[in-house]
**Q** 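The structure is given below, and queries will be raised subsequently.
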Amino acid sequence: MGTTIFSVMSALAQEKGAVNLGQGFPDFACDPQLLSAVNDAMQAGHNQYPLMTGAPVLRQAIAAKIAALYQHQYNANTEITITAGATQALLTAILCCVHAGDEVVYIEPALIINSPHNPTGSILRPHDMHALRDILAGTDIILLSDEVYEHMVYDGQQHESVCRYPDLAARAFVVSSFGKTYHVTGWKVGYVAAPAAMMAEFRKIHQYNVFTVNTPMQHGLASYMSNAAPYLELPQFYQRKRDLFRAGLAHTRFELLPADGTYFQSVPWARHALSGRTGR
């Protein structure tokens, strides 16, 4: 098994002193209030193992957020688990469901989906979700939905979370990440929401592959989540950055492909020079 391209590109960028465009993390600091919330949690003594399933206060905050944004009710005690980033959530969901001889289908017809999508920047729209619902109807297929960029959707579009669709939510693991939302990718704290029976299977694996997740970070995040503005304002915040970046590339040989979400841009290099710009 080889080294991932993310590790290769990050190492090259560090070696050459180059700007690293190969990995998904921001180049600016998080909100100082979030750091203060984590420091307060440490000072308050939240420094030992939390519950295997995650700090109750954070699971309750997540359940409230999902209900407010997507009108879907999860039981914080039995249907939400805090994970060591979205990567662990995805791995554990697969390990608890996929066994020898099982089939995993992705992209089409979509057992595993990712929207907003890394790295194309595409998003699933209502007609896509309706088609997915029709495809899965009458089957026992389990859906794994990676939604870590849920708050980075632009041009007035709405994030079509699986949680918005009861028929899909009833068969889905929905994964998200605080690292992407709050600009703290190095903290590696994410979460997964799923129906209670599926979450029970998830936790059987979770307890052995990580057991628990950083305690003060969980309490700090729960406190910080009492204010919804930081994530509700993300679409406008990142769209300004997207538009500025694309404006800078508009007169180069890079071809600007549509980018409706995330903080990635897919820009293939044109095979021929643009008119009047052959020196570029």
**Q** Please find the pair of heavy atoms, one from Ala169 and one from Cys163, that lie closest to each other, and give the distance.
**A** CB-CA, 4.3 Å
**Q** Would you say Leu168 and Ile123 are hydrophobically clustered, going by side-chain heavy atoms of ILVMFWY under 4.5 Å?
**A**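 The answer is no; the residues belong to distinct hydrophobic clusters.
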**Q** Applying ring pair (Phe, Tyr, Trp, His ring centres under 6.0 Å) between Phe237 and each of Phe28, Tyr154, Tyr231, Tyr182, report the one that passes.
**A**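 Exactly one option meets the ring pair (Phe, Tyr, Trp, His ring centres under 6.0 Å) with Phe237, and it is Phe28.
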**Q** Distance from Phe178 atom CZ to His183 atom NE2, nearest 0.5 Å?
**A**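 The CZ atom of Phe178 sits 14.0 Å away from the NE2 atom of His183.
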**Q** Would you check if the side chain of Thr139 reaches a backbone N or O of Leu136 as a donor-acceptor pair within less than 3.5 Å?
**A**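 Yes, Thr139 side chain to Leu136 backbone: donor-acceptor pair under 3.5 Å.
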**Q** Determine which pairs satisfy salt bridge (Lys or Arg N to Asp or Glu O under 4.0 Å) with at least one residue from residues 201-211, sequence neighbours left out, and list them in order.
**A** Glu201-Lys204
**Q** Kindly write out the residues that satisfy ring pair (Phe, Tyr, Trp, His ring centres under 6.0 Å) with Tyr263, not counting sequence neighbours, or none if the list is empty.
**A**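 In terms of ring pair (Phe, Tyr, Trp, His ring centres under 6.0 Å), with neighbours along the sequence ignored, Tyr263 is linked to Tyr149, Tyr238.
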**Q** Do we see a donor-acceptor contact under 3.5 Å between the side chains of Arg242 and Gln265?
**A**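 Per modelled atom types, Arg242 and Gln265 side chains form no pair under 3.5 Å.
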**Q** Side chains of Val174 and Val192: does their closest heavy-atom pair fall under 4.5 Å?
**A**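 With C-beta onward as the side chain, the pair stays apart.
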**Q** Tell me, do Asn20 and Gln14 make a side-chain contact under 4.5 Å, heavy atoms counted?
**A**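 They are not in side-chain contact.
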**Q** Would you be so kind as to tabulate the donor-acceptor pairs closer than 3.5 Å made by side chains of residues 35-48, with sequence neighbours excluded?
**A**
unit_1, atom_1, unit_2, atom_2, d
Ser36, OG, Pro32, O, 3.2
His46, ND1, His219, NE2, 3.4
Asn47, ND2, Met42, O, 2.9

**Q** Run the side-chain donor-acceptor check on residues 93-105: report pairs under 3.5 Å with partners two or more places apart or on a different chain.
**A**
unit_1, atom_1, unit_2, atom_2, d
Asp102, OD2, His99, N, 2.8

**Q** Does a donor on one side chain and an acceptor on the other come within less than 3.5 Å for His151 and Glu233?
**A** no
**Q** Just jot down the side chain to side chain contact (heavy atoms under 4.5 Å, CB included) partners of Ser145, sequence neighbours excluded, or say none.
**A** Ile113, Glu147, Val162
**Q** Write out all pairs satisfying salt bridge (Lys or Arg N to Asp or Glu O under 4.0 Å) with one or both partners inside residues 159-176, taking only residues at least two apart or from two chains.
**A**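 Every pair satisfying salt bridge (Lys or Arg N to Asp or Glu O under 4.0 Å) with a residue in residues 159-176: there are none.
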**Q** Could you report the tightest heavy-atom contact between Ala193 and Ile80, atom names first, then the distance?
**A** CB-CG1, 4.1 Å
**Q** Looking at every non-hydrogen atom in both residues, tell me the closest pair between Gly220 and Leu34 and how far apart they are.
**A** O-CD1, 4.1 Å
**Q** Look up atom CD1 in Ile66 and atom OG in Ser176, then write down how far apart they are to the nearest 0.5 Å.
**A** 8.0 Å
**Q** Sequence neighbours left out, what passes side chain to side chain contact (heavy atoms under 4.5 Å, CB included) with Tyr49? Give chain and number order.
**A** Thr212
**Q** Answer yes or no: are there more than 12 heavy-atom neighbours, outside Gln236 itself, under 6.0 Å from its atom CD?
**A** yes
**Q** So which heavy atom on Gln88 is nearest to which on Asn209, and how close?
**A** NE2-OD1, 3.6 Å
**Q** Using a 4.5 Å cut-off on heavy atoms from C-beta on, say whether the side chain of Thr92 contacts that of Thr83.
**A**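 No. Closest side-chain heavy atoms not under 4.5 Å.
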**Q** Measure centre to centre between the rings of Trp269 and Phe254, then say whether the value is under 6.0 Å.
**A** yes
**Q** Heavy atoms only: give me the nearest Ile82-Ala55 pair and the separation to one decimal.
**A**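 That would be CG1-N, 4.4 Å.
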**Q** Taking only residues two or more places apart in sequence, or in another chain, which ones meet Tyr208 in a ring pair (Phe, Tyr, Trp, His ring centres under 6.0 Å)?
**A**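 Tyr208 satisfies ring pair (Phe, Tyr, Trp, His ring centres under 6.0 Å) with no other residue.
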**Q** Could you check if a side-chain atom of Val267 sits within less than 4.5 angstrom of a side-chain atom of Glu255, using non-hydrogen atoms only?
**A**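 They are not in side-chain contact.
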**Q** Taking all atoms of both residues into account, what is the closest heavy-atom pair of Asn114 and Pro116, and its distance?
**A** ND2-O, 3.2 Å
**Q** Can you pull out every salt bridge (Lys or Arg N to Asp or Glu O under 4.0 Å) where at least one residue sits in residues 4-25? Sequence neighbours excluded, please.
**A** none
**Q** When rounded to the nearest 0.5 angstrom, what distance separates NE2 in His206 from OG1 in Thr53?
**A** 7.5 Å
**Q** Treating Ile, Leu, Val, Met, Phe, Trp and Tyr as nodes and any side-chain heavy-atom pair under 4.5 angstrom as an edge, say whether Met198 and Ile205 lie in one connected cluster.
**A** no
**Q** With a 4.5 Å cut-off on side-chain heavy atoms, are Leu51 and Arg59 touching?
**A** yes
**Q** Can you measure from CZ (Phe173) to CZ (Phe202) and round to the nearest 0.5 angstrom?
**A**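 It is 7.0 Å, given to the nearest 0.5 Å.
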**Q** Please answer: with hydrophobic residues joined when any side-chain heavy atoms are less than 4.5 Å apart, are Val153 and Leu257 in the same cluster?
**A**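 Per the 4.5 Å side-chain linkage, Val153 and Leu257 are not co-clustered.
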**Q** Please indicate whether Gln157 has more than 12 foreign heavy atoms, meaning atoms of other residues, nucleotides or ligands, lying under 6.0 Å from its CD.
**A**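 Enclosed.
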**Q** Would a 4.5 Å heavy-atom cut-off, applied to side chains only, mark Leu144 and Leu90 as touching?
**A** yes
**Q** With no hydrogens and no angle check, is any side-chain donor or acceptor of Ser177 less than 3.5 Å from a backbone partner on Gly85?
**A** no
**Q** Can a donor-acceptor pair be found between the side chains of Thr4 and Ser7 at a distance below 3.5 Å?
**A**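 Yes.
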**Q** Would you give the length of the straight line joining atom CD of Glu79 to atom CD1 of Ile62, rounded to the nearest 0.5 angstrom?
**A**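 Separation between the atoms: 13.0 Å.
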**Q** Rounded to the nearest 0.5 Å, what separates atom CG in Leu249 from atom CG in Leu256?
**A**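 So the CG of Leu249 and the CG of Leu256 are separated by 5.5 Å.
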**Q** How would you list all residue pairs meeting side chain to side chain donor-acceptor pair (under 3.5 Å) that involve residues 118-133, not counting sequence neighbours?
**A** His117-Thr120, Thr120-Ser122, Arg125-Asp260
**Q** For Phe211, what are the other residues in its hydrophobic cluster, where any two members join if their side-chain heavy atoms are less than 4.5 angstrom apart?
**A**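 Besides Phe211, the cluster holds Met52.
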**Q** Measuring only between side-chain heavy atoms, which start at C-beta, is Leu143 closer than 4.5 Å to Ile141?
**A** no
**Q** Just distance, no hydrogens or angles: give the donor-acceptor pairs under 3.5 Å from side chains in residues 70-78, sequence neighbours left out.
**A**
unit_1, atom_1, unit_2, atom_2, d
Tyr70, OH, Glu150, OE1, 2.6
Gln71, NE2, Ala68, O, 3.1
Gln71, NE2, Leu69, O, 3.4
Asn75, OD1, Asn77, N, 2.8
Asn75, OD1, Thr78, N, 3.2

